[in-house]
Undergrad: 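Would you mind keeping the following structure in view while I ask a few things?
Reminder, nothing fancy here: chain letters follow the sequence lines and each chain counts from 1.
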Amino acid sequence: MIRSSLSVILLFLFFSASSAEHNARTERISGSAGDVLEDNPVGRLKVYVYDLPSKYNKKLLQKDPRCLTHMFAAEIFMHRFLLSSPVRTRNPDEADWFYTPIYPTCDLTPTGLPLPFKSPRMMRSAIQLISSNWPYWNRTEGADHFFVVPHDFGACFHYQVEFNLDTKQEEKAIKRGILPLLQRATLVQTFGQRNHVCLDQGSITIPPFAPPQKMQAHYIPPDIPRSIFVYFRGLFYDVNNDPEGGYYARGARAAVWENFKNNPLFDISTDHPTTYYEDMQRSIFCLCPLGWAPWSPRLVEAVVFGCIPVIIADDIVLPFADAIPWEEIGVFVAEKDVPKLDTILTSIPTEVILRKQRLLANPSMKRAMLFPQPAQPGDAFHQILNGLARKLPHDRSIYLREGEKVLNWTAGPVGDLKPW
Amino acid sequence: MASFHKEEEEAKAKAEEGKKSTTMKLSALHQSYLNRRRSPLDSSVDAPSKSFLAVFWLVLHCLCCLISLLLGFRFSRLVFFFLVSTPSSSNLYSPPFRPDLPPPRIDLTPSNATTAEVKTSSSRVVVGRHGILIRPWPHPDPVEVMKAHRIIERVQREQKAVFGAGGKGSRTVIAVTPTYVRTFQALHLNGVMHSLMLVPYDVVWIVVEAGGVSNETASIVAKSGVRVIHVGFDQRMPNTWEDRGKVEEEKLDGVVMFADDSNMHSMEFFDEIQNVKWFGAVSVGILAHSGNAEEMVMSMDKRREMVDEVEERSSLPVQGPACNATDKLIGWHVFNTLPYAGKSAVYIDDVAAVLPQKLEWCGFVLNSRILWDEAESKPEWVKEFGLLNENEGVESPLSLLNDPSMVEPLGSCGRQVLLWWLRVEARADSKFPPGWVIDPPLEITVAAKRTPWPDVPPEPPTKKKDQMSLSQGNNNVVVIPKQQQQQQQQQQQRSSKVRKPKRRSKRNKHEAKPTDTTTQVSSSTKHHQERN
């Protein structure tokens with residue numbers, strides 16, 4: 001009896017000792033929704049995938065295979081993941097969520113930027129197809145449907161950017177607002193900015209796509225000392241579109257350059273070095289300022305490489321904000337405080353910095369930011385499903401009565417109403 | 001300057017461009033400004049006032065173009081920006097490349113009161129042109145640079161603690177060094193000290209001195225940066241008793257290794273001993289001569305001849321654990337004293353080579369918990385320390401254990417030699433200046449054996465082993481401290497004293513060169529210089 005209790009105590013001490021050691025390196029992450037990063041969505045929800053003709057998805061991909069590698073590729077990989085996932089159900093009557101496999105960003109310019117010119121029309125035509133062939137759209141007017149819209153401004157699809165200094169991309173997007181037909185649906189998008197018309201209240205913010213194999217091929221041993229204080233590579237002025245500055249990044253990137261180009265602690269430039277990923281692993285802070293849109297793949301890279309992200313984007317909503325406590329992991333700097341960035345960063349206490357690094361070292365954090373092929377537990381696909389599962393069960397009010405119509409099918413600019 | 005002209009041309013081009021584009025731009029400009037004034041969500045525009053406003057803006061724009069032609073920078077937009085801009089008053093536009101203009105005054109005081117009120121439900125983030133905020137002195141502040149460096153250093157230390165050395169976490173290294181005051185003590189102790197200073201883990205250095213604590217040892221040891229416990233001891237016996245007392249008294253936790261002061265340790269040794277669980281053994285290379293240099297070479301040749309007959313590969317013996325193919329400890333490689341039995345002792349410049357005992361302490365490392373009294377989780381195969389007979393001393397490290405087969409072989413099972421054992425000592429009667437400080441300065445200099453100038457009467461060599469020769473080559477000088485004047489011959493004294501004044505001047509000229517004692521040196525010194 002005593003011996004068994006002794007052994008139990010010893011076992012307990014052993015485990016606490018080992019977990020204490022584990023804590024010295026990483027720390028568990030729990031956001032406002034709790035410790036949910038490692039939840040398994042299987043069994044908590046069922047998703048039905050509509051069968052759309054291939055002109056909405058496969059043909060677009062065949063026309064331009066670059067869609068698989070740019071940062072909007074999440075929509076394509078989400079489709080592939082759902083097709084073979086255990087949450088998929090072939091019986092739509094028992095489905096909680098409905099997914100429409102459509103690739104609206106897969107319409108690229110020769111340089112690789114997506115043209116959202118036709119996206120609203122494509123979306124309308126897809127929804128018309130769904131609503132006429134299946135009864136589930138009309139049942140709720142799309143409230144239990146979700147769409148992956150990883151564009152710059154989410155579902156505010158906007159016209160091609162004709163750069164005229166006074167009318168900016170964002171203003172056009174704002175003017176259009178979210179596509180009226182999608183106003184009741186759940187949007188899974190990369191864009192997130194509080195109090196912005198293009199962010200719907202119930203949407204799920206996801207990270208932009210970053211190729212996991214490419215990043216994992218550049219790992220360096222973790223005992224190489226981090227010797228760069230602040231690191232950033234990218235544009236400060238978008239000379240093609242905004243030569244004087246002031247529009248691009250709301251002047252924040254230009255402010256970073258002007259204030260810190262002479263500072264040896266700040267390793268910032270517009271180069272494209274081949275050692276970009278390795279340098280990030282040798283840095284303590286990585287700047288993630290906004291660009292034309294507030295989100296950036298640098299956040300994903302910083303998290304994967306253990307570099308504390310310094311987020312300079314007012315009112316931004318970061319990916320999986322309810323599962324990941326971003327204030328404890330990253331440093332948020334207001335755009336007006338950019339000239340004081342060095343003071344802000346050096347006045348962070350070292351214990352706080354070490355804790356942030358421990359949180360970043362948590363492997364579940366890194367997994368949650370990536371879209372690996374094939375999907376692995378804890379990755380971004382599963383986080384999306386977890387987010388959808390957290391929104392269940394659906395409120396009874398979303399089910400409309402017979403004949404009731406909420407959406408206005410003729411709203412929006414005239415150009416959108418043309419068939420696709 | 002180029003940018004200045006560019007601006008001018010741009011302004012001119014703008015004026016010349018034509019009102020057609022300006023009207024369109026103006027209306028759009030006007031729209032965007034209007035939109036900014038109201039909330040961005042409001043997209044309705046007053047239709048009737050639109051045309052009036054358009055004309056007004058057109059006229060204003062032309063006026064501003066003309067003014068900008070005169071002034072040389074784009075006046076129009078700045079004015080509008082100031083008039084119409086958003087409530088954040090600290091946004092001042094400052095163009096990026098204007099070296100000719102005085103730097104714009106930027107007001108950086110954040111108006112906390114005004115920004116606090118702007119907490120409406122609409123977005124605080126406004127679309128449109130923002131100013132680029134630049135502080136008045138955009139250069140690094142040295143205080144912050146120092147803070148940043150401290151942060152970097154702390155992060156790197158944490159990295160090393162967590163990931164370094166295989167990430168197992170670093171245990172304190174407890175180094176036990178027996179020593180006593182002797183000629184070569186400074187030589188050996190400095191070597192051990194430098195090795196310990198380089199160890200990336202915490203080090204506690206227990207220096208056990210035979211004959212009690214002495215100032216010489218204390219002064220050498222004090223220069224290290226590591227924590228030192230200096231203990232005096234009255235007898236010269238294996239001094240693990242004292243150390244055990246210290247280790248137990250302070251509950252030192254770590255790995256105990258025996259750093260005899262004449263040994264050489266490799267850095268990998270310290271990394272490897274972190275792996276020891278209770279009692280480990282490493283291979284020690286034994287550097288002992290069996291003859292002087294020439295004989296050594298000959299014996300090597302002889303050995304090479306013998307190779308065909310006898311498979312004698314290793315030229316230097318190694319003491320350490322022996323393992324079989326599956327990396328299990330099966331025995332010990334022990335130094336074989338037989339080959340050295342009949343040979344005469346070799347003197348490295350009159351130094352006797354000392355041979356190691358059967359099993360040297362330095363090849364073993366222990367977990368300091370073995371030495372503690374409480375048997376917390378001590379394995380049963382470790383003897384209780386108190387049971388060992390104090391008078392006899394501990395014969396071999398293995399007698400500490402009940403079960404010698406539980407020793408862990410380290411360094412890839414003894415295949416890596418991680419430290420070397422060498423006993424090089426001066427003659428017992430050698431003398432050296434106390435603390436290696438020559439005070440007062442030398443008065444006597446004596447010519448050395450080999451000088452090329454026959455004019456110098458050949459002096460009988462008075463080579464003592466503690467006399468350092470300053471350089472190889474022909475100008476060997478042997479200096480003798482003043483205490484040993486009595487041993488010198490009187491002739492030398494007088495003759496060198498006479499020479500001394502001339503010596504001084506030459507000595508001052510060439511500090512680094514060894515000074516020469518002969519008077520005919522002036523020409524030959526120069527000659528020597530050129531050769532050097």
Side-chain angles (χ1 to χ4, degrees), chain A residues 21 24-25 164-168 170-171 174-175 177 193-197 221-230 237 244-247 250-252 254-255 257-266 284 294 313-315 335-340 342-343 345-348 350 353-354 357 361, chain B residues 24-25 28-29 31-33 35 40-41 43 81 88 90-91 93-96 106 108 110 115 120-136 138-141 143-167 169:
Chain A
E21 246 181 65
R25 226 190 269 202
N164 172 334
L165 272 177
D166 307 315
T167 49
K168 289 290 148 219
E170 191 175 347
E171 293 181 358
I174 292 172
K175 261 197 324 191
Q193 188 173 308
R194 278 190 284 276
N195 303 319
H196 196 280
V197 68
D223 59 340
I224 291 194
R226 289 188 185 260
S227 46
I228 303 176
F229 194 59
V230 177
Y237 295 94
E244 300 145 3
Y247 281 102
R250 293 198 278 269
W257 174 251
E258 297 300 334
N259 280 299
F260 301 110
K261 61 189 174 194
N262 296 319
N263 197 323
L265 297 171
F266 283 67
I284 300 183
D314 285 346
D315 279 349
E335 287 165 31
K336 64 174 170 51
D337 288 332
V338 165
K340 296 183 279 193
D342 54 351
T343 314
L345 291 180
T346 52
S347 58
I348 304 178
T350 23
I353 294 182
L354 292 176
Q357 290 192 319
Chain B
M24 225 172 62
K25 276 195 190 161
L29 180 79
Q31 269 230 358
S32 66
Y33 285 134
N35 278 349
L41 302 174
S43 56
F81 191 75
S88 48
S90 58
N91 278 1
Y93 174 63
S94 74
I106 313 280
L108 261 201
T115 48
T120 59
S121 60
S122 72
S123 173
R124 285 187 299 141
V125 176
V126 178
V127 181
R129 158 164 282 151
H130 289 68
I132 303 173
L133 300 173
I134 306 180
R135 64 190 192 197
H139 291 283
D141 177 12
V143 172
E144 279 162 12
V145 172
M146 277 322 297
K147 275 200 242 175
H149 280 291
R150 261 178 242 128
I151 292 177
I152 295 177
E153 194 251 341
R154 179 71 185 87
V155 166
Q156 287 181 356
R157 225 173 343 128
E158 181 76 15
Q159 262 185 290
K160 204 194 283 196
V162 174
F163 296 111

Undergrad: Given a strict heavy-atom distance threshold of 4.5 Å, which part of Phe266(A) is in contact with chain B: side chain, backbone, both, or neither?
TA: neither

Undergrad: Could you check if a side-chain atom of Pro339(A) sits within less than 4.5 angstrom of a side-chain atom of Pro138(B), using non-hydrogen atoms only?
TA: no

Undergrad: Heavy-atom cut-off 4.5 Å, strictly under: side chain, backbone, both or neither for Thr350(A) against chain B?
TA: side chain

Undergrad: Do you know the tightest heavy-atom contact between Ile151(B) and Ile353(A)?
TA: CG2-CD1, 3.5 Å

Undergrad: Starting at CD of Glu258(A), measure out to CD1 of Ile132(B) and round the result to the nearest 0.5 Å.
TA: 6.5 Å

Undergrad: Can you tell me how far apart CD1 (Ile152(B)) and CG (Leu265(A)) are? Round to the nearest 0.5 Å.
TA: 6.5 Å

Undergrad: Which atom names give the shortest non-hydrogen contact between His130(B) and Arg250(A), and what distance separates them?
TA: CB-O, 3.3 Å

Undergrad: Can you tell me how far apart NZ (Lys147(B)) and CG (Asp342(A)) are? Round to the nearest 0.5 Å.
TA: 9.5 Å

Undergrad: Tell me the closest heavy-atom pair linking Ile224(A) and Gln159(B), and the distance in Å.
TA: O-NE2, 2.9 Å

Undergrad: Is Glu158(B) reaching over with its side chain to a backbone N or O of Leu354(A), donor-acceptor style, under 3.5 angstrom?
TA: no

Undergrad: With no hydrogens and no angle check, do the side chains of Glu144(B) and Thr343(A) hold a donor and an acceptor under 3.5 Å apart?
TA: yes

Undergrad: What's the shortest heavy-atom distance between Val155(B) and Gln357(A), and which atoms?
TA: CG1-OE1, 3.6 Å

Undergrad: In chain order, what residues pass the ring-ring contact (aromatic ring centres under 6.0 Å, His included) check against His139(B), with sequence neighbours excluded?
TA: Trp137(B)

Undergrad: Sort Glu335(A) into side chain, backbone, both or neither according to what part of it lies under 4.5 angstrom from a heavy atom of chain B.
TA: backbone

Undergrad: Does Lys160(B) form a side chain to side chain contact (heavy atoms under 4.5 Å, CB included) with Asp223(A)? I'd like the steps, not just the answer.
TA: CA-CA 6 Å; Lys160(B) 204 194 283 196; Asp223(A) 59 340; over 6 Å; no

